[in-house]
Amino acid sequence: MNNIEHIKTLARRIITDLKPFQSAREEFIAEDRKMILLDANENPNETEFNRYPDPMQLNLKTCISEIKEVSINQIFLSNGSDEVFSQLIQVFCEPRKDNVIILPPTFGMYKICATINGIAVKEVPLNLNFGLNIEKIIKTKDLNSKMIFVPSPNNPTGNCFSLNDIELILNNFDGLVVLDEAYVEFSKNNSFLPRLNKFMNLIVTQTFSKAQGMAGARLGMTFAHPEIIKLLNKLKTPYNINSLTQQAIINRLTQQVKVENEVKILLIEKDRLSLNFKKIKYIKKVFPSNANFILIRVDDSTKRYKELLKRGIVVRNTSNQLGCKNTLRISVGTKKENNALINALSDMDN
Ligand SMILES: Cc1ncc(COP(=O)(O)O)c(C=O)c1O
């Protein structure tokens, strides 16, 4: 769907009609002069953090726009990607009327965000090799399907969806496609971001929590048409990204060569783990992964999960996810951590 006027009609009236909170500081943001700030009831004594942060995060967005090659008005920042999933639902989905589509096995937060906002969830399972079932998606959507969540690489399975399939969904869905690229830096497939301007109904989310190594700072990036970004800006709280996070992320953005190196090492470690997993008898299957984790199928996931816990290693038991019976999802750690994992797994009875 490639008509931005149509996309604007998808938003809830309550949001399009909303007059958002305006901080006085946003009105003189373009001025260079040093101003005396008596507008926000802060304590004027310098503590490094006595002032509210920049509500529009302009310095940070400038750095991101250069690296990601998108304009500043195509960027929205949130408290991790988790937050924006809820915010998107609040902008576009009318409680007790609209629905969103998810593709299990999938990342758990989409359903939680929809449910706490009173939005129905339609589930279209992935096919047996965890690929997209496009026909079923097209059959399942109805006039109230506002959004479909597509994580690629997918969590917990680790595989990517083909760019062709993603394009098919974009072209055959009248609502918004939220393409969650949380693990894109680890993937052999390219990001969809360079095609942002081609699809008005595309929303790409990325995060600083994974490859960027900043999970504790909580910063999610959303890239979309400026009209969609405007709607998200209406809904956000005024000072949603704190000063510490803004500064820490700007610093990390100057270290992208280091990040690339870390990713390279993690990918080598991932291959090493896969090879070692394949030597262990009770590991029945090692699923191919384009992320920084590996899904494995074992003889009894609860038993193996507990055995690993006893040996001081925490992994994720994903057995209760659709099509994932007896699976464990294991993050790639440091070389030392991975050695400990291989030793623990090899030490357990076959
Ligand atoms: C697919 C996917 N999307 C989003 C997130 C959450 O990212 P953030 O830490 O930015 O909230 C995760 C976290 O595990 C994830 O696996």
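Counting convention: from 1, in listed order, for ligands and their atoms alike. All values below come from the heavy atoms of this structure, side chains included, with hydrogens, waters and symmetry mates left out.
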Protein heavy-atom partner closest to atom 1 (C) of ligand 1 - residue, atom, separation in Å: Asp180 OD2, 3.3 Å

Among protein heavy atoms, which sits nearest to atom 7 (O) of ligand 1, and what does the distance come to when rounded to 0.1 Å? Ser81 CB, 3.9 Å

Quick one about Thr157 and Asn154 (side-chain donor to acceptor, distance below 3.5 Å, no hydrogens or angles considered), yes or no? yes

Would you check if there is a donor-acceptor pair between the side chains of Asn242 and Arg218 at a distance under 3.5 Å? no

Taking the six-membered ring for Trp, are the ring centroids of Tyr183 and Phe293 within less than 6.0 Å of each other? yes

Are Phe76 and Phe223 an aromatic pair, judged by ring center distance below 6.0 Å? no

Heavy-atom distances under 4.0 Å are what count here, so tell me which part of [X] touches ligand 1: side chain, backbone, both or neither.
X: Ala182; value: side chain
X: Lys210; value: side chain
X: Arg218; value: side chain

For Ser209, atoms of ligand 1 separated by under 4.0 Å from a heavy atom: 8 (P), 9 (O), 10 (O)

Which atoms from ligand 1 have a heavy atom of Gly80 less than 4.0 Å away? 10 (O), 11 (O)

Are Leu168 and Phe192 grouped together when hydrophobic residues (ILVMFWY) are joined by side-chain heavy atoms under 4.5 angstrom apart?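 Yes, it is one cluster - the side chains of Leu168 and Phe192 are joined through contacts under 4.5 Å.
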
Identity of the nearest option to atom 5 (C) of ligand 1, non-hydrogen atoms only, from Phe107, Phe208, Phe85: Phe107

CG/Leu328 to OG/Ser301 distance, rounded to the nearest 0.5 angstrom?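 It is 5.5 Å, given to the nearest 0.5 Å.
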
Exam field: side chain Asn99 to backbone Lys122, donor-acceptor pair closer than 3.5 Å: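 Not confirmed, Asn99 side chain does not pair with Lys122 backbone.
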
Below 3.5 angstrom, do we get any N/O pair linking Asp82 and ligand 1?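 Yes; at least one N/O pair falls below 3.5 Å.
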
